[in-house]
Amino acid sequence: MHTPERHRRSTVPPTVTVPPTAAEPAARPGRPSGRAAALALAVTATALGLVAGVQGGADAVVQGSLPAGTQFYRDPASQVVKWVAANPGDSRTPVISQRIASQPQAVWFSNYRPTTVTSDVRAVTAAAEQAGRTPVLVAYAVPNRDCGGASAGGAPDLASYDAWVGKFAAGLGGSRSIVVLEPDSIALTTCLNAQQQSDRFASLARAVTTIHAASPAAKVYLDGGHSTWNSASEQANRLRSAGVLNADGFFSNVSNFNTTAGETAFAHNVLSALGNPGNLHAVIDTSRNGNGPAGSTWCDPSGRAIGNYPTASTGDSAIDAFLWIKPPGEADGCAAAAGTFVPDIAYQLAVNAADPTNPPSSPPSSPPASSQPPTSQPPTSQPPTSQPPSSGTSCAVAYRVNSWSAGFTADITVKNTGSATISGWKLGWTFPGDQKVTSAWNAAVVQRGAAVTATDLGYNGTLAAGASTAFGLQATYGSSNTAPSAFTLNGTACTLS
């Protein structure tokens with residue numbers, strides 16, 4: 001028997017970080033259940049060394065309906081960025097900064113503020129347009145949302161909601177945006193009778209039409225629940241009733257922990273149940289799914305980890321993007337009040353993860369002075385100040401791949417197995433197949449023909465005896481994805497592990 005409390009997402013509504021208007025107090029707008037907004041981190045967020053440029057040609061990879069190279073807008077005033085800036089001496093700051101604060105996260109519009117929602121939305125989309133990035137905006141104001149749970153609230157009635165959506169849509173502008181339309185609204189309807197459910201779905205269908213009419217470039221995704229909630233056929237029936245055939249697709253796993261592989265399979269099943277219409281695709285929330293779920297526990301479970309970085313390069317034409325819709329580190333309501341940024345939660349999510357298997361969607365750069373993080377943070381692509389001689393170097397390399405048709409990611413760990421400290425490293429190898437690197441993170445990767453070199457980024461260039469560091473890359477291949485058989489570190493051959 002279906003148990004809503006067990007399977008539901010754990011959405012909690014954030015607030016939008018925008019300047020107050022003349023009609024609003026300077027304080028942040030009230031939170032219906034206490035969650036703070038994560039405006040997607042602005043492109044001007046801190047330079048932290050997660051991505052380095054890649055040189056050399058590359059074949060096109062499998063792509064969804066978002067253009068190749070889509071980069072998401074990031075907010076320099078999100079809770080996690082502010083915490084990092086305010087706590088430069090905290091031992092947790094470097095890993096939280098590097099793995100969470102650097103990433104684009106969705107902008108939630110969860111307060112029913114019809115007088116300011118247009119300007120609130122426009123503040124985000126205008127900044128994204130100026131930065132050349134795609135914002136991800138969550139509309140979260142449907143009446144009786146979350147069925148009165150931790151995220152209770154929304155518009156007073158559907159007529160008011162329809163009007164609010166019109167004002168929301170008026171702020172989108174003409175550039176591309178992604179609208180995550182009403183988490184929980186389709187998968188969670190246990191508090192509605194049949195007529196109320198029908199009325200809600202009709203309102204969502206109107207919302208899709210309203211948003212597309214106001215901003216044809218906007219891509220609108222409806223609530224797909226997740227893979228351990230409603231069946232694919234049931235969710236497809238609900239989505240169809242809510243007008244998904246006129247939308248751009250659906251989202252899954254928002255604020256939940258199911259694996260990317262499981263959600264991808266679920267998305268394919270839902271699309272199949274819908275008849276595989278060519279205009280529909282899915283986006284998946286990967287913000288906290290690196291270790292998968294903790295059984296049936298959805299409220300601040302321990303032992304979780306961040307998942308794939310936000311990216312439009314998913315390697316699956318049915319999946320438009322992996323997104324961080326639920327801001328990692330913000331409580332679900334058990335460890336702290338819903339929406340409260342809890343550094344321990346953020347730290348555990350970050351430290352429990354290997355470097356995520358997709359690169360960030362946009363390289364970090366310097367934020368404006370008003371949100372400048374501590375100057376002690378490592379730069380993005382500073383080269384090593386010196387390259388040590390190869391004599392005395394001893395090393396081991398672990399090369400692990402995650403492949404799909406015509407593409408793959410590789411996680412590469414370099415260990416100093418010698419007795420002397422390595423100060424600055426360059427790892428070299430030759431691809432035996434027709435692999436071509438398209439992007440990399442935590443190292444500067446250069447490919448010339450089949451030969452590849454990866455150089456440290458300064459902050460990760462010193463390896464004490466016995467220490468290791470990891471970086472990753474994404475690449476394409478044609479007929480062969482055979483792993484390299486030999487690596488050299490600063491000119492010295494490494495063993496494979």
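Remember, predicted model here, so these are calculated numbers, not experimental data.
Checked by atom type and distance alone, the side chain of Asn253 pairs as donor or acceptor with a backbone atom of Asp285 at under 3.5 Å. Within the 3.5 Å criterion, the main-chain N or O of Thr189 finds no donor-acceptor partner in the side chain of Gln196.
Electrostatic pairing of Arg206 and Asp162 counts as a salt bridge here, judged by a charged N lying under 4.0 Å from a carboxylate O. A salt bridge links Asp344 and Arg92; the closest N-O separation between the charged side-chain nitrogens and carboxylate oxygens is under 4.0 Å.
Considering only heavy atoms from C-beta on, Ser177 comes within 4.5 Å of Leu137 through its side chain. Contact of the Pro183 side chain with the Trp108 side chain is registered, since non-hydrogen atoms from C-beta on lie closer than 4.5 Å. Side-chain atoms of Ile412 and Leu473, non-hydrogen and from C-beta on, do get closer than 4.5 Å to each other. Side-chain contact between Val397 and Lys415 is absent, with no heavy atoms from C-beta onward closer than 4.5 Å.
When Thr260, Thr259, Asn258 are each tested for a side chain to side chain donor-acceptor pair (under 3.5 Å) with Asn289, only one passes: Thr260.
For the side-chain hydrogen bond (donor to acceptor under 3.5 Å, both in side chains) test, no residue two or more places apart in sequence or in another chain qualifies with Arg176.
Using cut-offs of 30° and 60° for the angle between ring planes, the Trp429 and Phe487 rings count as tilted.
Between Phe109 and Tyr140, the ring centre distance reaches or exceeds 6.0 Å.
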